Amino acid sequence: MSHFPKAFIFDLDGVITDTAEFHYLAWKKLAKELGLSIDRQFNEQLKGISRMESLEKILALDPSLSAMSNEEKERLATEKNEYYLTLIDQLQPDAILPGIEQLLKKCVEQKVKIALGSASKNAQTIVEKLGLIEYFDYIVDAGKVEKGKPDPETFTTAADYLGVPYSDCIGLEDAVAGVEAVNSAQMFSVGVGSFEHLHHADYVVEDTSELIFEDIIKQYQKQREAGKSTTT
Ligand code: BG6
Ligand code: MG
C-alpha cells in the first residue's frame, strides 16, 4: 500500500492568509522612518523569521545603526508590531487564501492531523480571526520554540506533540527559511510561491489555489517511493 502522510503542518503568514504582505508593509514603513528603503526582493529573507531577527536584518543595511541599544530595538520592534496590528485589525474569514479551507477539510475527512507551525507571536489571534481555530489539533507559535526557522524545531515540536514520525509529515511554507526548516526536519516540503525562491522544496506550487490534497499526496508518495528504492 502506498505511504500515506499522518499530519500536515501549515505555516500561517503567506500560506493560510496573506498577512505576509502586511508584515512587508509594516517593515517598509518602519524602514522609511529610519531613512532606509526595502523592496520585495529584500523582503523574501524576512519571511519566516522572528520579529527581532527581521529588525536586525533591516538595521544591518545601515552600519551607522549598528550601535543601537537593545531598548531602542525593542521600541522599534513594538512600533512595527503596533502598525502591523492595525493592518490586521479587520481580518476576517474572507482573508483565508484560496484553496486553504478545502485542504483543511480534506485533511479532516482523511483523518490527517493538522498543526500550525508559525514564527509569529500573533498566530493564535490570526487563526481565531479567520475562524479556523477548530481545524487545528495543535498550534506552534513563536512562544513554543527556542530556535526559529530555518531550525526545524517549529515543525518537530508540532510532530512530537501529535505523536507522528517526521517522515509522515508534510510542511507547507512560503518562506525560504521555512522550507529549509521543513527539509531539515526530514519532512516533505511544499513551497507556495515562486520556484526561483523555493526551488529547494520537494514540491512547489505558484499559489494556494494549487494546493490540491490529492496532488500533494501523489508527490509525497512519489518522493517516498523513490527514497525507498534508492535505500533498498
Ligand atoms: C512569520 C512571518 O510568520 O512571523 C515573518 O513570516 C514575521 O515575516 C514573523 O516577522 C514574526 O511575526 P510577529 O507577528 O511575531 O511579529
Ligand atoms: Mg510564511
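Order of listing sets the numbers, starting from 1, for every ligand and every atom in it. Reckoned from all heavy atoms, side chains included, excluding hydrogens, waters and symmetry mates. In this chain, residues are counted from 1 in sequence order. Worth saying up front: this structure is predicted, and the values here are computed from it rather than measured.
Heavy-atom contacts of Ser54 reach the following atoms of ligand 1: 10 (O) (cutoff under 4.0 Å). Atoms of ligand 1 found under 4.0 Å from any heavy atom of Lys47, numbered from 1 in the order shown, are 6 (O). Residue contact check: Asn122 has heavy atoms under 4.0 Å from atoms 13 (P), 14 (O) of ligand 1. Residue contact check: Leu46 has heavy atoms under 4.0 Å from atoms 5 (C), 8 (O) of ligand 1. In summary, the atoms of ligand 1 found under 4.0 Å from a heavy atom of Gly48, numbered by their order in the structure, are 2 (C), 5 (C), 6 (O).
Summary of contacts: the protein heavy atom closest to atom 1 (C) of ligand 1 is Asp13 OD2, 3.3 Å. If you check which protein heavy atom lies closest to atom 5 (C) of ligand 1, you get Ile49 O, 3.5 Å. The protein non-hydrogen atom at the shortest distance from atom 11 (C) of ligand 1 is Ala119 O, 3.5 Å.
When all heavy atoms of Ser54 and Ile49 are compared, the closest pair comes out as OG-CG1, 3.6 Å. Listed here is the closest heavy atom pair of Val190 and Leu211: CG1-CD2, 3.7 Å. Between Lys47 and Asp174, the closest heavy-atom pair is CD-OD2, 3.7 Å.
Counting only protein N, O or S atoms, 3 lie closer than 2.8 Å to the Mg ion (ligand 2).
For ligand 1, the polar-atom distance check finds an N/O of Ser120 within less than 3.5 Å of one of the ligand's N/O atoms. Polar contact check, Arg51 against ligand 1: a nitrogen or oxygen pair lies under 3.5 Å apart.
Every salt bridge (charged side-chain N to carboxylate O under 4.0 Å, His left out) that Glu79 has, sequence neighbours left out, goes to Arg75. Legend: residues meeting side chain to side chain donor-acceptor pair (under 3.5 Å) with Glu210, ordered by chain and number and at least two apart, are absent. Under the salt bridge (charged side-chain N to carboxylate O under 4.0 Å, His left out) criterion, Asp168 pairs with Lys6, not counting sequence neighbours.
Ligand 1 does not have Leu12 within reach: every non-hydrogen atom of the residue lies 4.0 Å or more from it.
Remark: Lys222 fails to qualify as a cation-pi partner of Tyr203 under the 6.0 Å distance and 45° angle criteria applied to the six-membered ring.
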Under the side chain to side chain donor-acceptor pair (under 3.5 Å) criterion, do Glu72 and Ser69 qualify, and how do the steps go? CA-CA 5 Å; Glu72 181 62 1; Ser69 68; 5.5 Å; no
Assess whether side chain to side chain donor-acceptor pair (under 3.5 Å) is satisfied between His23 and Lys80, documenting all intermediate values. CA-CA 9 Å; His23 278 296; Lys80 179 268 173 179; 2.8 Å; yes
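Contacts between Lys121 and ligand 1 below 4.0 angstrom, taking non-hydrogen atoms only, involve backbone and side chain alike.
Taking the six-membered ring where tryptophan is involved, the planes of Tyr138 and Tyr161 are essentially parallel, since the angle between them stays under 30° and well short of 60°.
Glu214 pairs in a side chain to side chain contact (heavy atoms under 4.5 Å, CB included) with only one of the listed residues (Gln219, Lys106, Gln110), which is Lys106.
Between the CG atom in Asn43 and the CD1 atom in Ile38 there is a gap of 5.5 Å [rounded to 0.5 Å].
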